Every structure is written in C-alpha cells, then in structure tokens.
Amino acid sequence: MFTRRQALQLGVGATAAASSVAIANSLSKQSQLDLTDVGNASLRERAAAKGILYGAAIEWAELSDSGFNQQILQECNILVAENEFKFGRMRPSLDRFDFTASDRLLGFARRHSIPMRGHTLVWHLALPDWFEEQVNRRNAEQVLTNHIQTVAGRYRGQIHSWDVVNEAIEPSDGRRDRLRRTPWLERLGDGYIELAFQAAAAADPEGMLVYNELGLEGNHSDAETRRRKVVELLAGLIDNGVPVHALGIQSHLTGGADYGQFEHLRPFLSDVASLGLQILVTELDVSDQHLPADLQERDRQIATLYHDYLAVLLDEAAVIAVLTWGLSDRYTWLSSHAPRQDGNAVRPLPLDDQLNRKQAWNAIARALDQAPPR
Ligand code: 9MR
C-alpha cells in the first residue's frame with residue numbers, strides 16, 4: 001500500500017491513496033485496533049526515526065516531581081510551556097516584564113538540548129488584570145509590538161517556533177469575517193494579526209512563526225467553517241507578504257464524539273500544505289469526561305481516537321511535530337476543566353497518573369511507526 005505522498009510522487013493520485021487508507025482504517029476498526037506489543041522504544045526515538053518531533057506541554061512546578069521529570073526527558077524531543085510564556089504571566093504591569101518563570105523553563109530545555117516552543121504572544125485569554133483599563137485604542141499597537149519585540153527579542157534564536165497569534169477565529173462571535181472579538185481586535189481592528197506576525201519576524205528573524213487554532217478537528221459544519229476560515233486567513237496573510245510559516249492545530253479531542261475516521265481532514269491538511277506551510281499538532285489530548293467508567297473500555301476508546309487521528313495527520317508530510325497537552329494524567333488541565341461526573345480521575349494523556357504507559361501511549365507509538373518519513 002502506498003502512502004499518500006508516495007502515491008502523488010508516482011502519479012497514482014490522492015484519491016486512490018486516500019481510499020486505500022480509508023479501507024485500512026475501516027479494517028482496523030472492524031478488528032478492534034490491536035495496540036499491544038508495540039515495543040519499548042520511546043516516543044521521542046520513534047518520532048526522530050521519521051524526522052518528526054514528539055513532545056508535551058509542561059509547567060515549571062511539575063519538574064520538581066523527579067519521576068515525571070525523568071519521563072519528560074525520556075519521551076520528549078520538543079517541549080512547550082503550558083502557561084509560563086503567556087502575556088499575563090510575563091507582565092506584572094504595563095511597563096514591566098518578569099521573565100523569571102520563562103527563563104527557568106527555557107533553561108531546563110536548553111540544558112537538556114530539547115527545543116522549546118513559545119506559547120503564545122497574542123491571545124484573548126491569560127491577559128493581566130491591568131489590561132482592560134490601561135490598554136486602549138491609542139496605545140494598543142505600541143503595547144502589542146513592544147510585548148512581541150521584548151519577548152521574542154529576548155529569546156531570539158532560542159525558540160523552535162512561536163505561536164504568534166492564538167485562537168483568532170470564532171464564527172459564533174457573529175462577525176462577517178468570522179474573527180473572534182478579542183480585546184486586541186476591539187482596540188486595533190483585524191490588522192492586529194498581521195501586525196503581530198511582522199513584529200515577531202522583526203524580533204526573531206529565524207524563528208518559525210505559527211498561527212495556532214482550536215476546534216478544527218470535528219466532522220461537522222462548525223469545524224468545517226473554522227477550517228475554511230483558517231485557510232482563507234493564512235492565504236490572505238501570505239498574499240500580503242506577511243511572514244507566517246506554519247499552522248498549529250491544537251487538537252483537544254473529545255472522547256465519544258463522532259469524528260468518523262478523520263478522513264474529512266485530508267483536504268484541509270493538503271490545502272494548508274499547498275500554501276507552503278508546515279503543520280504542528282500543538283495541544284493534543286482526549287477528554288474522557290463522557291466515556292464509560294470501565295477502565296479498559298475507556299482507555300481503549302481514548303487510544304483509538306489518538307491512533308485514528310494521528311494516522312491521518314501524520315500521513316501528511318507537512319506535519320512535523322506532535323505535542324500532547326501534558327504527558328501524564330497526573331498533571332492535566334482537564335482534571336479541573338472537564339472532570340467526570342462519576343468522580344473518577346480523567347485519563348486524557350499517554351501516561352497514567354502513576355507514570356505508566358497506557359494504550360494511548362501505544363497508539364501514539366504505533367501512529368509514529370506507521371508515519372511516512374519526512
Ligand atoms: O492548560 C492551560 C491552563 O492551565 C490555563 O489555565 C489556561 C488559561 O491560560 O490555558 C490552558 O491552555 C490553553 C492553551 O493555552 C490554549 N489552547 C487551549 C488550552 C486549554 O484551555
């Protein structure tokens with residue numbers, strides 16, 4: 001069986017290759033995906049063998065947990081700060097920056113020669129208390145560019161990729177252009193996106209500049225609207241000569257939702273790749289809030305989603321990195337954000353809360369092993 005890329009090179013055509021993948025996927029579904037016996041090699045090693053990066057979001061406090069710290073070093077060849085690089089964390093006041101936490105985290109990554117992503121320069125959340133009152137139409141452009149110049153400039157040449165703008169699209173906000181009504185947009189208009197990318201390019205000219213977005217994975221019209229808007233936004237930026245290099249697909253998946261086999265993502269991924277952009281899976285996890293309590297069944301459904309999703313994503317050669325939003329169920333935002341009604345602990349990540357590898361880990365391992373090399 002050909003990979004899609006091989007098929008395109010051989011002139012067989014995407015449709016034939018896609019349908020052979022669809023058949024393989026439906027066969028694996030029928031026979032209930034077997035995720036035993038994937039071997040012991042770490043995710044980092046399997047990814048590296050294909051020219052891909054695998055990593056996770058971490059917080060500084062978690063690294064004092066030595067067992068967890070060890071797993072991070074064992075499994076990851078890329079890291080991202082879950083919170084320490086956010087505007088609100090770095091800005092005690094309008095005229096001050098505090099880099100204590102971001103320096104510490106980047107120091108850890110650099111000591112271990114692990115590339116680190118910068119998340120995120122411009123977002124509508126995690127803004128400081130003083131923002132609303134002190135940032136206005138007159139000074140917003142200066143605040144935005146100064147923030148980016150200072151942060152991206154400080155870490156120039158040291159960051160794998162910047163999430164320059166995060167979550168700028170929200171069709172349900174009711175604007176005709178489907179942009180999210182954010183504090184930045186309210187003060188600067190839709191030009192704030194372009195402004196941010198230009199400022200990031202000036203501050204860190206070698207940096208990979210990423211547009212990062214949520215809600216793109218579903219097999220329904222809302223997600224399709226978001227996907228169309230993302231492609232339109234990126235194409236528009238590129239047409240205007242704005243330096244944007246990659247799309248970040250957050251990938252917070254929901255267990256029990258009907259994603260089909262993710263085949264609907266293939267045209268989207270290839271549209272993004274055709275723009276000359278790379279693609280990163282930036283925040284992958286699977287909420288098990290609505291899945292059955294039975295551990296085996298729950299873990300099986302979570303793992304199947306991981307596998308089916310990554311099988312499609314990694315079949316696109318433009319996808320160069322996969323990061324999960326955390327590594328172990330011991331530390332996950334979903335414990336508070338999407339807890340289970342039955343009071344059982346959530347299990348959204350590759351390792352369980354005892355740091356043991358779960359079926360989800362096997363699923364990622366298998367998907368990496370099956371990925372065509374970059
Ligand atoms: O996981 C993050 C959580 O700890 C923070 O409280 C929250 C607000 O800053 O952000 C969470 O991470 C989000 C990420 O930055 C952007 N995409 C959605 C993530 C989950 O909400």
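Since this is a predicted model, take the numbers as computed values, not measurements. One-based numbering, in listed order, for ligands and for the atoms of each.
- Taking every heavy atom of E167 and a limit of under 4.0 angstrom, the matching atoms of ligand 1 come to 16 (C), 17 (N), 18 (C).
- Per-residue contacts place A126 under 4.0 angstrom from the following atoms of ligand 1 (heavy atoms of the residue considered): 9 (O).
- The nearest protein atom to atom 2 (C) of ligand 1, hydrogens excluded, is given as E82 OE2, 3.4 Å; this is a heavy-atom distance.
- The closest protein non-hydrogen atom to atom 14 (C) of ligand 1 is H119 NE2, 3.4 Å.
- Under the 30°/60° scheme for interplanar angles, the aromatic rings of H119 and W123 are found to be tilted.
- Taken together through direct or relayed side-chain contacts under 4.5 Å among Ile, Leu, Val, Met, Phe, Trp and Tyr, F87 and I148 form part of one hydrophobic cluster.
- Taking the charged nitrogens against the carboxylate oxygens, R46 and D369 do have a contact shorter than 4.0 Å, which makes a salt bridge.
- Not a single heavy atom of H337 sits under 4.0 Å from any atom of ligand 1.
- Atom numbering of ligand 1 starts at 1 in the shown order; those under 4.0 Å from a heavy atom of N166 are 16 (C).
- Between E283 and ligand 1, an N or O atom pair is found at a separation short of 3.5 Å.
- Under a 4.0 Å N-O distance rule, the pair R175/D173 does not qualify as a salt bridge.
- Closest protein heavy atom to atom 10 (O) of ligand 1: K86 NZ, 2.9 Å.
- Within the listing of ligand 1, atoms 1 (O), 20 (C), 21 (O) sit less than 4.0 angstrom from a heavy atom of W333.
- Remark: aromatic rings of F197 and W162 are distant, center separation not under 6.0 Å.
- Within 6.0 Å of atom NE2 in H220, more than 12 heavy atoms from other residues, nucleotides or ligands are found, so the atom counts as buried in its surroundings.
- In this structure, L125 does not count as a contact residue of ligand 1, since none of its heavy atoms falls inside 4.0 Å of the ligand.
- Checking only distances, Q250 does come within under 3.5 Å of ligand 1, N or O to N or O.
- You'll find the side chain of V242 reaches within 4.5 Å of the side chain of Q198, heavy atoms only.
- Look at D271 and R227 and you find no salt bridge, because none of the NZ, NE, NH1 or NH2 atoms lies under 4.0 Å from a carboxylate O.
- N83 OD1, 3.8 Å is the protein heavy atom nearest to atom 3 (C) of ligand 1.
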